[in-house]
Each structure stands twice: as structure tokens, then as C-alpha cells.
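Accompanying notes for the structure given below.
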Protein chains: 2
Amino acid sequence: MSTRRETVRQALTGSTGFRSAQDLYADLRAEGSKIGLTTVYRALQALSDSGEVDVLRTDDGEAVYRACDSEQHHHHLVCRKCSTAVEIEGPAVEKWAAEVGAKHGFTGVTHTVEVFGTCGDCSKA
Amino acid sequence: MSTRRETVRQALTGSTGFRSAQDLYADLRAEGSKIGLTTVYRALQALSDSGEVDVLRTDDGEAVYRACDSEQHHHHLVCRKCSTAVEIEGPAVEKWAAEVGAKHGFTGVTHTVEVFGTCGDCSKA
DNA sequence: GGAGAAAATGAAAATGATTGTCAAAAAAGA
DNA sequence: TCTTTTTTGACAATCATTTTCATTTTCTCC
């Protein structure tokens, strides 16, 4: 468990929203850390491989990460302005995805579900 | 309606799966077309802007496109081996997404839902 | 049909996120 | 402490996508 990985994990934990590697790197440098960009990428890679953080892709293909509270399978309600996210669950969706996959003869069925919108705070502004 | 855009549209229509710009470009060149890569990108951009084709991102961030039969809102069941896709609908999911968004005070709620798996043909092989 | 304006095209350069390389620095073991 | 292993980070390399810009094609009006 390297120090750097821990640094990145904490930077992520301190945020409620999804953050990009570049973004986190800029923040860490801004607050005085001498961490390198490569290391930030490696830490995020390791953290997502181990399932400690969730990853998703923005519309323009950039990978963004989040340290979620729940260890279990869940989805997100993400603000498209400030990227704040709420962890959500949808048992019905899980079942539906599995069924529709099986119905068409697919095996090893998984799914991605993300809900986007403008959060209450951003809606006011 | 330019000729080139029509060329790209047809190339897409001839495929049941999601295709990347690079991929389509290679195919078109292989079959003798003198089209340029830039034009393929521009055509796909225009087609997706007008809603004529659907776009999604692969795990590694590459944009892939598909000419779907349905003009209406729908989702996809995509084979992760051959990328063949089946258009699917899930009224329950639509409702759930809208509700969960509203419950947390989000406005302008949209969602992305994709189901992945290995299709019957690829499962055999 | 032809001249000129506007839109489309494509080659090549630029961009930007992400990954690979490799030598130096830090941590772990003995 | 000395050696081995792991981690780190500067820099270069990749690769999809976008920009730029000059050329070609299409449109439009005469």
C-alpha cells in the first residue's frame, strides 16, 4: 500500500463527485504535492482494478473516478453541471437487464446504468 | 445532403453492430473509396447530431456508432465479442430513472443504459 | 452554360488524454 | 547497513479526435 496511492484515494474521498485524473493531479499539485501525473494514473488504475473506486466515461470519452460509500453494485445519479453524484439502486433494473439478456441468448450479461440531470443546487444558479 | 455522408450512412446501415470511425474508414478505403478520415468523422458527427445514428463509448473511451431501426428512445444489448447489438426497450427503467432523479431534486433527468454480454453465436465459438 | 459564392472535402498538423520507458528514489528484507 | 524489490516521475510515444487551410465540388443566380 503505497503512500501515493493513499494520497490519491484521499483526494477522491474528499469529493462527492466524479473526478478526472488530470483534475485530481492539478488539485494535488496545487496543494503542494510533488506527485507525478503518471502516478496519479497508476493509482487510479489500481484503485479501480481493486474495486475501491468506480469509473465512468464522460460524453467526450474522458475517464472519471469516484470513491463510493457502497461496496456493492450500484448506479449513480450525476449532476451534469458540478458532477456531484448520488449512489442509487434499482433492483428492478438489475432483473430487467438479466432477463432481456437471457431472452436474446446472451451469456455473461452485465450492464451500465447512469442517470444524469442537474442537481438542486445547480438548478437554482 | 452530401454524397459522403450518404456513403458513411450506408456503411453503417450495412452492419448490425457498433462501429468506430477508424473502423468504418478502414472498410471504406478497403473497398476502394477515396474518402478521407476527417470526412468520416464529420459525417458521423452530423448523423449523430441529427439523431440518425446512436453513439456510445467503449470501455477504452472510443466512440462507436450504429444506425438503428428504431427512431425512438431505446437501449442496446451489445455483444462484447463481435459488437452485434439488439435494440431493446425497458419502460420500467425509464420510469425508474425519472423517479429517482426527481426524488433527489434533479431536473432535466436523462439516462444511459446499455446491456452487455456474449451473443449466442460468440458463446459457441 | 458560366461566373462567383458557399459548402464539402481531405491532407497534414495540432490537441489532449492516456500509456510506455527507464533511470533515480524509496521501502522492505536480511 | 547492504541488497533486492517496488514505487515514482520526467519525458517520450500512442492514438483517437479535432483544427486548419487550401482545393474541389456544388449551388445559385444571371
Side-chain angles (χ1 to χ4, degrees), chain A residues 1-13 15 17-67 78 80 83 112 114, chain B residues 1-12 15 17-67 78 80 83 85 112 114:
Chain A
M1 55 229 67
S2 69
T3 303
R4 290 313 199 186
R5 183 184 306 186
E6 196 50 40
T7 301
V8 172
R9 188 212 308 278
Q10 285 178 15
L12 256 189
T13 304
S15 169
F18 279 88
R19 313 287 307 279
S20 73
Q22 302 280 350
D23 200 17
L24 285 168
Y25 170 68
D27 270 17
L28 289 169
R29 297 292 290 203
E31 59 188 46
S33 171
K34 295 297 181 210
I35 198 170
L37 179 55
T38 308
T39 304
V40 173
Y41 273 103
R42 271 190 293 236
L44 290 171
Q45 183 79 62
L47 289 168
S48 81
D49 282 352
S50 73
E52 291 171 86
V53 307
D54 287 354
V55 197
L56 60 84
R57 294 268 169 188
T58 63
D59 280 342
D60 54 310
E62 195 178 15
V64 287
Y65 305 81
R66 183 177 195 273
V78 187
R80 60 170 77 81
S83 89
T112 66
E114 306 299 337
Chain B
M1 60 236 53
S2 68
T3 302
R4 291 311 200 188
R5 183 183 307 186
E6 196 50 42
T7 301
V8 172
R9 189 211 310 277
Q10 285 178 17
L12 256 190
S15 170
F18 279 88
R19 312 286 307 279
S20 73
Q22 302 280 350
D23 201 18
L24 284 168
Y25 170 68
D27 270 17
L28 289 168
R29 297 292 289 202
E31 60 187 44
S33 171
K34 296 295 182 211
I35 199 170
L37 179 56
T38 308
T39 304
V40 173
Y41 273 102
R42 272 190 291 237
L44 289 171
Q45 183 80 62
L47 289 168
S48 80
D49 282 351
S50 73
E52 291 171 87
V53 307
D54 288 354
V55 198
L56 61 85
R57 295 266 169 187
T58 63
D59 280 342
D60 54 311
E62 195 178 15
V64 287
Y65 305 81
R66 184 177 195 270
V78 187
R80 60 169 78 81
S83 89
T112 65
E114 307 298 337

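So you know, we letter chains A, B, ... as the sequences are listed, proteins then strands, and number each from 1.
When side chains are defined from C-beta on, V78(B) does not count as touching R66(B), because their heavy atoms never get closer than 4.5 Å. Counting heavy atoms from C-beta outward, Q22(B) and Y41(B) have side chains that approach closer than 4.5 Å. Using a 4.5 Å heavy-atom cutoff, the side chains of L44(B) and V55(B) are not in contact. Contact check for R4(B) versus V8(B): no side-chain heavy atoms found under the 4.5 Å cut-off.
Minimum atom distance to the side chain of R4(B) is reached by dG10(C), of the listed dT18(C), dG10(C), dT8(D). Distance from the side chain of E62(B) is smallest to dT17(D) among dT17(D), dT19(C), dA11(C). Of the candidates dA10(D), dT18(C), dT17(D), the closest approach to any side-chain atom of L37(B) belongs to dT17(D). Closest to the T38(A) side chain, of the nucleotides dA16(D), dT20(D), dG20(C), is dG20(C). When distances are taken from the side chain of R42(B) to each of dG10(C), dT18(C), dT8(D), the shortest belongs to dG10(C). With dT8(D), dT17(D), dA10(D) as the candidates, the nucleotide lying closest to the side chain of Q22(B) is dT17(D).
Taking atom CZ of residue R9(A) and atom P of nucleotide dT7(D), one finds them 14 Å apart after rounding to whole Å. We find that OH of Y25(A) is positioned 16 Å from P of dG16(C), with the value rounded to whole Å. Atom pair D60(A):CG and dT17(D):C1' shows a separation of 11 Å (rounding to whole Å applied). Distance, L24(A) CG to dT18(C) P: 11 Å, rounded to whole Å. dA26(C) atom P lies 15 Å from atom CD1 of I35(A), rounded to whole Å. Between the NZ atom of K34(B) and the C1' atom of dT24(D) there is a distance of 16 Å, rounded to whole Å. Remark: P of dA16(D) and CD of Q45(B) are 17 Å apart, rounded to the nearest angstrom. One atom, CG of D49(A), and another, P of dT19(C), lie 11 Å apart when rounded to the nearest Å.
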Apply side-chain contact (heavy atoms from CB on, under 4.5 Å) to the pair Q10(A) and T7(A), showing each step before the final yes or no. CA-CA 5 Å; Q10(A) 285 178 15; T7(A) 301; over 6 Å; no
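Between Y41(A) and dT19(C) there is no side-chain polar atom (N or O) within less than 4.0 angstrom of OP1 or OP2.
Here the CZ atom belonging to R29(A) is positioned 14.0 Å from the CG atom belonging to L24(A), to the nearest 0.5 angstrom.
End-to-end axis angle for the helix from dG1(C)-dC30(D) to dA30(C)-dT1(D), using five pairs per end and rounding to 10°, comes out at 30°.
The shortest heavy-atom contact between A85(B) and F18(B) is CB-CE1, 3.7 Å.
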